[in-house]
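The structure under discussion appears below in the form of structure tokens.
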Amino acid sequence: MSRTGKLIAMAALVTLLFGLSLAAGKVWVPVSAWFSADPRWWIVIELRLPRAVLGLAIGAVLGLSGAVLQGYLRNPLADPAVVGVSSSAALGAVAAIVFGIAGGAGQFGCAMLGAGGAMALLAALTWRSESAVAFILAGTVLASLSGAVTAFLISIAPDPYAVAEVIDWLMGALTDRGWADVLPALPLLAAGSAMLLVTGRALDALTLGEAAARSMGIRLGRLQALVVAGTGLTIGASVAVTGVVGFVGLVVPHLLRPVFGHRPSALLLPSALGGAALVLGADSLCRLAPGPSEIRLGVAMALIGAPFFLALLLRQRRAAWI
Amino acid sequence: MDLTIEGVHVALSGRRAVDAVSAVLRPGRVTAILGPNGAGKSSLVKAMAALVPLAAGAVRLDGRDVAALAPRERARAIGYLPQDAAVHWNVPAHEVIALGRAPHRAPFAALGGEDHRAIAAAIHATETANLLDRPVGELSGGERARVLLARVLAGDPAWLLADEPLASLDPAHQIDVLDRLRARAMAGSGVVIVVHDIAQAARAADDVLLLAEGRLAGFGPVDEVLTETAVARLFGVEVTIARGADGRPLPVPTGRVRAR
């Protein structure tokens, strides 16, 4: 199949899962009830549509930023967590909960503040160093620092309800997110994605190493700025709305590499589609799973994804040995 | 377009890797940068491609400071083949070669007719046509070196700077690659290669630039510069200079210079 054909197939899969996400849940809304006076249609419009849009957008940016970071760091194990933006955004949101900065808007603002701080620190720490090693070190430092401050905040939280809320939020979920949560995030997700999508050519050149890329006219400083700002905006905004949803950025480019090839730019768009499909599918499964309360998306992702990923790695290793 | 090195200093962690080197390199000739390990050859060639900051001096292309050129313009004029042959993703060889067109392509534009012509010429020159669909991870060291050379040739730069392009090649491919580089020089391009093998330098180059501990130890046509005394001083080895069938000098190391 040609690359375009594969992309169309993936887009069709995403559309299908988007539709499933609208229909599936504790109340099944058949397509016959859509666009009608049926009261169940309001469930779709007011509850499921924002959630599905969020799932689509979050999945897409997680997959895309994972592909960009793996290309930038030339490491298939990189994911959005390594640049420390997700944990800093989480820190911002946790601070908002612990200090009672009220409401979704306060939480969103604080999480974006955390992400922005992380971006500024990353930029300062890697200033004038165009090497990916400095970037990954700075990101790791940032991640462990904000993780420590988050733990500290939880330990000084005044009441147990705040602690429960923090832990619940940190697990990452799309549950009960309405238009008021989704709409502020969309422009940031779109702007960040645009920055990430233009890095393709430079990422390809980096395949040959930093010196060769620079000799080919690639501005590594500009590339780094795009990667920092792009992941900061996308990951910051997604964490601000859904909490930390791991695994997607790591696993999606990995799954798609055998299909679309290893060239970093060839993986950007497919990874965005693949991430969207994965998050939409997983979120629908979360809703369909029996039980009094939903499984958290972040938890489900790790539960389903980790063994699957392990099996894939083992199969690839066997193939490599033979 | 002359490539002029004017009093270039390169500092690496406080040490002077290249110290006050000046030379005027001419297109249409193969210039070999020769010196023992750690003499500053790679640093000098990186300085010529504006890949390391200069502590002093300048490198000029046709009178213009290469460090001040726009990155894409510089990339079109100067192709650089690093010594490190790493390819970080297991992409097929033809994708690696196509990367060489990066300085010529508009953002998001697909490869155009001019790009395909340049790529085909590079494939022809390096005899890599049978490798195109193979992932680089499966190529032998010599095949990969040829693919990477094709990458830099695909950019069709006026000056080609290659750091140890022969290091991982067997003798037949060394001669093949040297012939390609000579042909390129003959067609009017500037070709600079870093070598640490005295015989390779003698066989390949029109001019040699000798480096010793970062300083210029001689620059000029092979016949004049690559003498027994110069080699003995530079490498600490005795050489006998034989003559090849084409009259080129063929230095053969025969032993270490005894300590005085």
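Quick note on labels: first sequence line is chain A, next is B, and so on, each numbered from 1.
Put simply, the side chain of B:Lys46 never gets that close to the backbone of B:Val52: no donor and acceptor are under 3.5 Å apart. Not a single donor-acceptor pair under 3.5 Å links the side chain of B:Arg60 to the backbone N or O of B:Thr4.
Residues B:Leu209 and B:Leu34 are not in side-chain contact: their nearest non-hydrogen atoms beyond the backbone lie 4.5 Å or more apart. Side-chain contact between A:Val252 and A:Leu62: absent, with no pair of heavy atoms (C-beta onward) separated by less than 4.5 Å. Between A:Leu250 and A:Gln70, some side-chain heavy-atom pair lies under the 4.5 Å cut-off. You'll find the side chain of A:Met216 stays beyond 4.5 Å of the side chain of B:Tyr80, heavy atoms only.
Per-residue heavy-atom pair counts under 4.5 Å with chain A were compared for B:Leu69, B:Val91, B:Leu99, B:Val152, and the maximum is reached by B:Leu99. Between chain B and the options A:Gly261, A:Ala266, A:Pro264, heavy-atom pairs under 4.5 Å are most frequent for A:Pro264. Note on B:Gly155, B:Ala86, B:Ala102: by heavy-atom pairs under 4.5 Å with chain A, the leading option is B:Ala86. Counting heavy-atom pairs under 4.5 Å between each of B:Ile78, B:Val87, B:Asn90 and chain A puts B:Asn90 at the top.
For B:Arg151, the part lying near chain A is the side chain, with the backbone staying farther off; criterion is any non-hydrogen pair under 4.5 Å. A:Leu203 does not touch chain B: none of its heavy atoms, backbone or side chain, sits under 4.5 Å away. Both the backbone and the side chain of B:Pro103 have a heavy atom closer than 4.5 Å to some heavy atom of chain A. The contact between A:Arg74 and chain B is made by backbone and side chain atoms together, counting heavy-atom distances below 4.5 Å. Heavy atoms closer than 4.5 Å to chain A are found in the side chain of B:Leu148, but not in its backbone. Of the two parts of A:Ala205, only the backbone, made up of N, CA, C and O, holds a non-hydrogen atom closer than 4.5 Å to a non-hydrogen atom of chain B.
With A:Leu226 as reference, A:Thr199 is the one residue of A:Thr231, A:Leu196, A:Thr199, A:Leu197 to meet the side chain to side chain contact (heavy atoms under 4.5 Å, CB included) rule.
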